[in-house]
Asks: 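The structure under discussion is supplied below as structure tokens; questions concerning it will follow.
Every chain is numbered from 1 and lettered A, B, ... according to where its sequence line falls, protein lines coming before strand lines. Just the heavy atoms: all of them, side chains too, but no hydrogens, waters or symmetry mates, feed the values below.
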Amino acid sequence: MAVEGYRLEKIDDYRWRVPRIGPMLTDGLVFADAELIPHIERDKSLQQVANVACLPGIQGPSIAMPDIHWGYGFPIGGVAAFDLEEGVISPGGVGYDINCGVRLLRSEVTAQDLRPHLGKLMDLLYRNVPSGVGSSRSDLRLGVKQVTEVLLKGAAWAVKQGYGWAEDLERIEAGGRIEGAEPDYVSQRALERGRQQVGTLGSGNHFIEVGYVGEVYDEVAAAALGLAEGTVTAFIHSGSRGLGYQVCDDYLKTMLRASEKYGIVLQDRQLCAAPLPSDEARRYLGAMRGAANYAFCNRQMMAHWVRETFSEVLRQSAERLGLRLVYDVAHNIAKIETHKVDGREKQVCVHRKGATRAFPPGHSEVPATYRQVGQPIFIPGDMGRYSYVLVGTQGAYDETFGSTCHGAGRMMSRKQAKRVAKGRAIVRELEDRGILIRAASRATVDEEISEAYKDVKNVVEVVHHAGIGKMVAQLRPLGVLKG
Amino acid sequence: MGDAGWRWRTIEHTGDLGIEVEAPSLEQLFVAGAHALAGVLLGEEAGAAASEPVKATVWRELALEGPDREVLLVDWLRELLYVQISEDLVLVEAELGEVGESRVAGRVGFARPSAAGCVERELKAVTYHELEVSQRGEEWFARIVFDI
């Protein structure tokens, strides 16, 4: 049964505590301001924070970011770390879309110069990057052996095949390849689903967004990231597609049995888990890392086609256009990392479900080129407003296991969003505001209307003021490709 | 509701999409859940037993076992979702000979989505979250949340 009777106590302007009660083993810690709290309290996400706090071996609090909303099992926007001996790993704490994440390309092109070509660019992006329900590539069907290589090598596999530049790999979380992938622990069904979907966007909230740097807040960090006011950028938001969904599905069944076997009391079956030292956990970690590498490869290939499309439309090479990768970061993942717990450094398994890694300046896992300013973080908003670039901070490292928010956070259910969009021409409305939409499905556009999301500015300001992320720049959309 | 008088509807869920299903028997609840899955894939928001359903073009035998009827219902829907994803077939008919606490078995009829509509929605998975299968008076009830 879910934790009942939890309360919310204000700690300061940006922090709230869900005090430990009943089966909870620790407090919940929610990052939000007074404006966001009523949105958060509207659904069951705080109960999910409390439920996660009941899992064995949890270290520090059960953490919620300001973009938290009701997910399945774990809240979306949740962070939880577990002791490697006493703690657990839960596929529900990673999510179905393993290594769903965001990458950002920057350029030397100005928004003004791109504007006359924008329609053609969006049309060709729509043609060149498969998107929508069950999107697959008819021209690229990998053999099972190749999928296995993708699971092992991640983005490096794509670069070796000619999709992208060698320097890209230095600018991806974990170099685009998480160590310890075990393709043998990935089912045939998952491998089969992975054969035709590498290099595809998918549907739902996945997108490619062409935008520009609207405002810079931190000149030094923006310069280090190669972001200049008025220049064009491209976001790619996608994950591990059907392969990742299948890995999660397969291991939820395993973990449901494991929870019973190891006597783990579940507040919600979707939280099913296995002790980290167990064989079930080892197998899931191996499969999950493979799926994460598949996602890095997926975004790498799409970035290649984005570069090719810009190049075709603007009749200059991607190199001349300066279409360099800024960074690529996951927001659905579990990783073994070293953090300070109760004043002592130790290895823990950090689950980030709808939360972004936010490592500080000087950390060895931050690429050398960004080590002075911190790890880049991308917080996309909705398709009609703006998105943000931040960098990681020591505050995040000390307080949230090096994590921060990941997006605006839904405020309306998809059903409610469709009701609000009914009778309106959303694509036309956005076009009137200078934002071109290309989408495989009108239903997706309606479900993804701006009003369905919190204002990402409010979310980002909370993490900035709380010190778990530092604002660098605001990006504004010019064109959005939706699934 | 008559003997086959099941119905389903989508429910509000911030991050994902849920359905609630009602049926006069456990067997019909599983049939209704399968039709609800197909309906959600086709972009529908509610549905009920039809007097003239779309005819199946492909039939399969399916038998599953699970620890209880809730997990069994999730596994049943997962299998049907996998068929949709891997073979582009949606369920249009189901004849379940056996539905119990730990086993479901029967014949399942599929058709190309074009016969029933158009697949408008990608479902990532059928989750255990907020899962419920229960008997409420004369009726059976189920709630299932999909990840989308």
Asks: Between E79(B) and R189(A), is there a side-chain N and carboxylate O pair less than 4.0 Å apart?
Replies: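 Looking at R189(A) together with E79(B), the answer is yes, because their closest N to O distance falls below 4.0 Å.
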
Asks: Any chance CD of E98(B) has more than 12 other-residue heavy atoms, nucleotides or ligands included, within less than 6.0 Å?
Replies: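 Correct, the count exceeds 12.
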
Asks: With a 4.5 angstrom heavy-atom cut-off, is it the side chain or the backbone of L17(B) that approaches chain A, or both, or neither?
Replies: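 Neither part; nothing is under 4.5 Å.
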
Asks: With rounding to the nearest 0.5 Å, note down the distance linking OG in S203(A) to CD in E120(B).
Replies: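 Interatomic distance, S203(A) OG to E120(B) CD, rounded to 0.5 Å: 11.0 Å.
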
Asks: As an exercise: rank D43(A), N205(A), D249(A) by heavy-atom pairs under 4.5 Å with chain B and give me the winner.
Replies: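 Top count of heavy-atom pairs under 4.5 Å with chain B: D249(A).
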
Asks: For K253(A), is it the side chain, the backbone, both or neither that has a heavy atom under 4.5 Å from a heavy atom of chain B?
Replies: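 Contact with chain B involves both backbone and side-chain atoms of K253(A).
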
Asks: Quick check for you: to the nearest 0.5 Å, what is the distance between R241(A) atom CZ and K124(B) atom NZ?
Replies: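 Going from CZ on R241(A) over to NZ on K124(B), the span is 9.5 Å.
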
Asks: Could you tell me which portion of E260(A) (side chain, backbone, both or neither) has an atom closer than 4.5 angstrom to a non-hydrogen atom of chain B?
Replies: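 Neither part.
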
Asks: If we only count heavy atoms from C-beta on, is the Q246(A) to I85(B) side-chain gap below 4.5 Å?
Replies: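 Result no, sub-4.5 Å side-chain heavy-atom pair not found.
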
Asks: Between Y96(A) and D147(B), is there a side-chain donor-acceptor contact under 3.5 Å, judged purely by atom types and distance?
Replies: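 Short answer, no.
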
Asks: V74(B) versus chain A, heavy atoms under 4.5 Å apart: side chain, backbone, both or neither?
Replies: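 Contact with chain A involves no heavy atom of V74(B) at all.
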
Asks: So what's closer than 4.5 Å to chain B heavy atoms on R410(A): side chain, backbone, both or neither?
Replies: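 Contact with chain B involves both backbone and side-chain atoms of R410(A).
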
Asks: Can you tell which of K44(A), M411(A), R257(A), R42(A) has the highest number of heavy-atom pairs within less than 4.5 Å of chain B?
Replies: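 With the most close heavy-atom pairs to chain B, the winner is K44(A).
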
Asks: For the CZ atom of R121(B) and the CZ atom of R414(A), what is their distance to the nearest 0.5 Å?
Replies: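 Rounded to the nearest 0.5 Å, the CZ-CZ separation comes out at 7.5 Å.
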
Asks: Please give me the minimum heavy-atom distance between T10(B) and K415(A), naming the atom from each residue.
Replies: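 The answer is O-NZ, 2.6 Å.
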
Asks: Quick one: pull up CG in L256(A) and OH in Y128(B) and give me the separation to the nearest 0.5 Å.
Replies: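 It comes to 4.5 Å.
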
Asks: Between R419(A) and E45(B), does any side-chain N to carboxylate O distance fall below 4.0 Å?
Replies: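 No.
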
Asks: Any chance you could measure L271(A), atom CG, to H129(B), atom NE2, to the nearest 0.5 Å?
Replies: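 Taking CG in L271(A) and NE2 in H129(B), the distance rounds to 9.0 Å.
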
Asks: Can you tell me which of D75(B), L131(B), V145(B) forms the most heavy-atom pairs within a distance under 4.5 Å of chain A?
Replies: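 If we count pairs closer than 4.5 Å to chain A, D75(B) comes out on top.
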
Asks: Under a 4.5 Å heavy-atom cut-off, does chain A meet the side chain of Q84(B), its backbone, both or neither?
Replies: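 Answer is neither: Q84(B) stays 4.5 Å or more from chain A.
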
